Amino acid sequence: MQGNTMYAEVPAAEADKHGPVLQAGQTYVISRFRVCNAKSFFRSLDYPYMVELTCHTKINPATEPITEPKYVYTLTPFENLQQYVNDTKKFHGNLQPS
């Protein structure tokens, strides 16, 4: 899957194990994970696949700098937000009209 963008999810059952290892802004080498179809709701990126950490997942700090983009995001112009009210596919939480 090299060159494709995916988001990762840590299931609640694995959060205690993997949560303390992962730190914002750090780069990791992750192996023994599951590639799944992305969820159809509350997903961070509009891509078809996601990485799911399991009890078999191994996480180690990267020893070499990465060359790929560190963050991927899609900006939605403010004037387009109204069309996403109650749309759980793209946004986390509820957008309420004012």
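In this text the structure is predicted, and so the values were computed from the model without any measurement. The basis for the numbers below is simple: all heavy atoms, side chains too, and nothing from hydrogens, waters or symmetry mates.
- Every residue two or more places apart in sequence or in another chain that forms a side-chain contact (heavy atoms from CB on, under 4.5 Å) with A15 is listed here: V10.
- Side-chain contact check for Q26 versus P61: every heavy-atom pair is 4.5 Å or farther apart.
- The minimum heavy-atom distance between P11 and L53, with the atom names listed, is CD-O, 3.3 Å.
- A 4.5 Å side-chain heavy-atom check between Y49 and N37 finds at least one atom pair inside the cut-off.
- Looking at residues two or more places apart in sequence or on another chain, you find a side-chain contact (heavy atoms from CB on, under 4.5 Å) between E9 and Y7, K39, M50.
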Can you give me every donor-acceptor pair (side chain of residues 16-23, partner residue at least two apart or in another chain, under 3.5 Å) with its distance?
| residue | atom | partner | partner atom | Å |
| --- | --- | --- | --- | --- |
| K17 | NZ | C55 | O | 2.7 |
| H18 | NE2 | T54 | O | 2.9 |
| Q23 | NE2 | P20 | O | 3.2 |

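- The number of heavy atoms from other shown groups lying within 6.0 Å of CD (E79) is above 12.
- Listed here is the closest heavy atom pair of F33 and V35: CE1-CG2, 3.7 Å.
- Residues H56 and R32 come closest through the heavy atom pair O-CB, 3.3 Å.
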